[in-house]
Amino acid sequence: ALTATINGTAVDGRADETILDCARRHGVYIPTLCELSDIDHAPGTCRVCLVEIRTKGSDKTHLVASCTTPMQDGIEIRTRTPELREMQRLQVELLLADHDQDCATCIRHGKCDLQDVAQFVGLRQNRFYDPARVEARPVDNSSPALIRNMKRCIRCQRCIAICRDGQGVDALIQIGSGLDTAVGLRHGLTQKNSACVTCGQCVLVCPTGALGERDETDRALEMMYDPELVTVVQFAPAVRVGFGEEFGLPPGTNVEGQIITALKMLGAGIVLDTNWGADLVIMEEGTELLHRLAEKQRPTFSSCCPAWINFVERHYPDIMPMLSTTKSPQQCVGTLAKTYLPEKMGIDPARIRVISIMPCIAKKDEIARRQLIHDGVPEVDVVLSTREFARLLQRERIDLKSLPPSTFDNPYMSEYSGAGAIFGTTGGVMEAAIRTMYFVVNGRELEQAEIEQLRGFDGMRAAQVHLGGDIGTVKVAMCHGLKPTRQVVEAVRAGTADYDFIEVMACPGGCVDGGGTLRSKKAYLPHALKRRATLFGIDRDRPVRQSHRNEQVQALYRDYLGAPNSEKAHHLLHTWYTD
Ligand code: HC1
Ligand code: SF4
């Protein structure tokens, strides 16, 4: 260990850490903007983490960026001198010279790292603001899911790093130089027509409002206020375990009941559960899979993750025939909310609007797919990310934490099994599918509902599961995050992978850490395992743990669809893909 001092106090240092790491270990705050240790990113560009150092034996001090300067034995570090504060203040003022001034209109207002640092350094003036420079910076509005506003970018390059190194998509690059440096898409393309698949991981790491979802909270509110409309709101498996933090509850708290109460207060007419749709998807996809296996068509890829679908269509269109044709749970709920549900409830389908709350921004792309719009009527009208839902409750002054929980009361499309609940975490779709396929093949349930061998957390996991009957053993794989996914896809295309069924979730962790979830300052995906553990707990405590035992799903088949993969089921619940 090294010995050093920080602000006159002796500390122990390590040769393999930076001054910033050492200060953090000792609870000394140094402001940072571009650095994000969770993704190993320290480009040293923002210069707000400056510290004053004096090295051993030297009588001079100088200023260095603490995020890139290694610890040394005998070094004296000061983090709070007036000169430093002045330099940091100037840095922030320069960043704001070239930055949208209207914080109140920014989706990140109040949750912005740049605002925090400006407060820390005590910035009270903005002498260099240059409206013409800001005006010249582009806003890319092309995507239904993601808006990239260069007027709010501080050029930290975290987005470039996560897209390239984290996801392996590599859509974003640095463009221009000097004062004109900005982030753009490769080949001068727009967000919509580029390699971007709208996974939203770049949004999660952006320290400001430069990257964000297209905000549709107003559209949702208008629908809920309109007395002529019946608004049907569904929320995703992962939303209930990734929302409580916003209201000060511990990460991973299950707030399903409070979300239902909040939605009713907002004016939602009918609250449905996407988990119900997940159970239904298992019936359709499981049946499809057994047919494909019987015909020796392998592998089949899961199809519920829309960023994964974008990835296939944009990057590997040749594997489209391997995608399950079953629509995602969100779309299955949407389409049945405009057909089956109004028939059962005696409502005019034309009055129905469907709003989904999703931990995802690619779901906004999904609802705009032409395959999922019929005679101008979309299956789902609006997708709100978890972040937008939080914003909506803030706007309406609804404090989720203090609400009494409610239960789902729709008798047709809200009950769910434990299998439906675990869709929100990597491996969940696979486990749910295996539970039901086992039953179909053997006529009895698996002895143990939990299939531990599917529950790891590596980016790519393979397993063999004995189903018995004519099928024997199936070889499965589960990927989360697009970097490991790309490797599996390459292996499948090269003929070196031997799988029957492959589950893919584009976001690392699966939906619990989707690109539409709450952002964490200074951290990337800090709550993955807690949220996942809560989903497994929901599954464990459900009276019914297999999708085929969901009585509301059984009633749908009995009263409306006939059987899984029937003609009517195909018409309503299956889709196709196109590049
Ligand atoms: Fe997901 Fe899905 S699990 S895609 O991750 O299949 O978003 O939670 O809603 O549709 O059910 C997301 C989550 C979600 C769908 C389901
Ligand atoms: Fe890259 Fe995903 Fe961001 Fe698109 S949304 S730029 S694919 S990280």
Side-chain angles (χ1 to χ4, degrees), residues 140 143 145-148 158-173 183-186 189 191-192 194-206 211-213 234-243 273-282 285 302-311 314-315 324 326-334 356-367 379-380 383 385-386 416 419-426 428-429 432 480-483 503-517 531-532 535 547:
D140 186 336
S143 153
L146 179 77
I147 294 182
R148 197 168 45 82
R158 289 181 187 177
C159 55
I160 296 176
I162 198 79
C163 187
R164 181 190 56 217
D165 306 330
Q167 289 290 64
V169 174
D170 204 12
L172 298 170
I173 50 167
V183 175
L185 276 310
R186 256 179 214 291
L189 296 170
Q191 211 72 45
K192 186 178 170 68
S194 68
C196 169
V197 300
T198 65
C199 69
Q201 296 302 300
C202 53
V203 180
L204 291 180
V205 298
C206 179
L211 291 167
E213 61 283 341
Q234 60 170 317
F235 59 96
V239 169
R240 69 207 73 204
V241 300
F243 195 55
D273 201 338
T274 312
N275 288 12
W276 178 86
D279 278 333
L280 175 59
V281 159
I282 288 302
E285 192 164 348
S302 68
S303 61
C304 53
C305 168
W308 156 238
I309 299 297
N310 288 342
F311 186 73
R314 285 178 193 205
H315 297 258
S324 159
T326 305
K327 288 178 189 172
S328 72
Q330 130 155 312
Q331 296 300 140
C332 290
V333 170
S356 316
I357 302 169
M358 296 280 141
C360 176
I361 62 168
K363 290 273 170 202
K364 290 176 185 268
D365 276 340
E366 185 179 25
I367 63 168
E379 295 176 351
V380 174
V383 170
S385 65
T386 310
Y416 65 88
I422 58 176
F423 257 60
T425 184
T426 169
V429 175
H480 58 122
L482 287 172
K483 202 169 185 179
E503 175 203 297
V504 179
M505 292 293 171
C507 294
C511 291
V512 286
D513 288 302
T517 51
R531 292 173 182 167
R532 174 180 167 87
L535 288 184
S547 300

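For ligands, and for the atoms within them, numbers begin at 1 and follow the listed sequence.
At the top of the distance list for atom 16 (C) of ligand 1, counting protein heavy atoms only, stands Pro329 CG, 3.3 Å. Ranking protein heavy atoms by distance to atom 1 (Fe) of ligand 1, first place goes to Cys511 SG, 2.3 Å. Protein heavy atom at the shortest distance from atom 8 (O) of ligand 1 is Ala238 N, 2.8 Å. What sits closest to atom 7 (O) of ligand 1 on the protein, heavy atoms only, is Pro359 CD, 3.3 Å. Nearest protein heavy-atom neighbour of atom 9 (O) of ligand 1: Ala236 CB, 3.0 Å.
In this structure, the side-chain hydrogen bond (donor to acceptor under 3.5 Å, both in side chains) partners of Glu379, at least two apart in sequence or on a different chain, are Lys327, Gln331, His374. For Ala421, the side-chain contact (heavy atoms from CB on, under 4.5 Å) criterion is met by Asn275, Tyr416, Ile538, not counting sequence neighbours. For Ile160, the side-chain contact (heavy atoms from CB on, under 4.5 Å) criterion is met by Gln157, Arg164, Leu172, Gln174, Val183, not counting sequence neighbours.
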Apply side chain to side chain contact (heavy atoms under 4.5 Å, CB included) to the pair Val512 and His480, showing each step before the final yes or no.
CA-CA 11 Å; Val512 286; His480 58 122; over 6 Å; no
Test side chain to side chain contact (heavy atoms under 4.5 Å, CB included) on Asp513 and Arg531; report intermediate values, then the result.
CA-CA 9 Å; Asp513 288 302; Arg531 292 173 182 167; 3.5 Å; yes
Assess the residue pair Gln234 and Met358 against the criterion (side chain to side chain contact (heavy atoms under 4.5 Å, CB included)); give the C-alpha distance rounded to whole Å, side-chain angles, the decisive distance to 0.1 Å, and a yes or no.
CA-CA 9 Å; Gln234 60 170 317; Met358 296 280 141; 4.2 Å; yes
So Asp365 and Ser143, side chain to side chain contact (heavy atoms under 4.5 Å, CB included) or not? Walk me through it.
CA-CA 8 Å; Asp365 276 340; Ser143 153; 4.2 Å; yes
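Looking only at side-chain heavy atoms (C-beta outward), Val504 and Phe311 stay at 4.5 Å or farther from each other. Considering only heavy atoms from C-beta on, Pro306 stays 4.5 Å or farther from Gln330 through its side chain.
Those atoms of ligand 2 that come under 4.0 Å of a heavy atom in Gly200, given as number and element, are 2 (Fe), 5 (S). When each atom of ligand 1 is checked for a heavy atom of Phe423 under 4.0 Å away, the hits are 3 (S), 6 (O), 11 (O), 16 (C). Against a heavy-atom cut-off of under 4.0 Å, Gln191 is close to the following atoms of ligand 2: 6 (S). Proximity to Ala278 (heavy-atom distance under 4.0 Å) selects the following atoms of ligand 1: 11 (O). The distance from ligand 1 to the heavy atoms of Ser328 drops below 4.0 Å at these ligand atoms: 10 (O). Those atoms of ligand 1 that come under 4.0 Å of a heavy atom in Cys360, given as number and element, are 7 (O). Residue contact check: Met358 has heavy atoms under 4.0 Å from atoms 7 (O), 9 (O) of ligand 1. Within the listing of ligand 1, atoms 4 (S), 6 (O) sit less than 4.0 angstrom from a heavy atom of Cys304.
In this structure, Lys192 NZ and Asp140 CG are separated by 11.0 Å, a value rounded to the nearest 0.5 Å. Note that SG of Cys202 is 5.0 Å distant from CG of Leu146, once rounded to the nearest 0.5 Å.
Counting all heavy atoms, side chain and backbone alike, Cys304 lies closest to Ser328 at O-CB, 3.6 Å.
With a 4.0 Å heavy-atom cut-off, ligand 1 is reached by the backbone of Gln330 and by its side chain too. For Pro237, heavy-atom contacts with ligand 1 shorter than 4.0 Å involve the backbone as well as the side chain. Counting heavy atoms under 4.0 Å from ligand 1, residue Lys363 touches it through the side chain alone.
Distance alone, capped at 3.5 Å, is enough to place a donor-acceptor pair between the Arg314 side chain and the Cys196 backbone.
Around atom 1 (Fe) of ligand 2, the protein atoms of type N, O or S found under 2.8 Å away are Cys163 SG, listed by chain and number.
Each of Thr274, Val429, Leu280 was checked for a side-chain contact (heavy atoms from CB on, under 4.5 Å) with Pro329, and the lone residue meeting it is Thr274.
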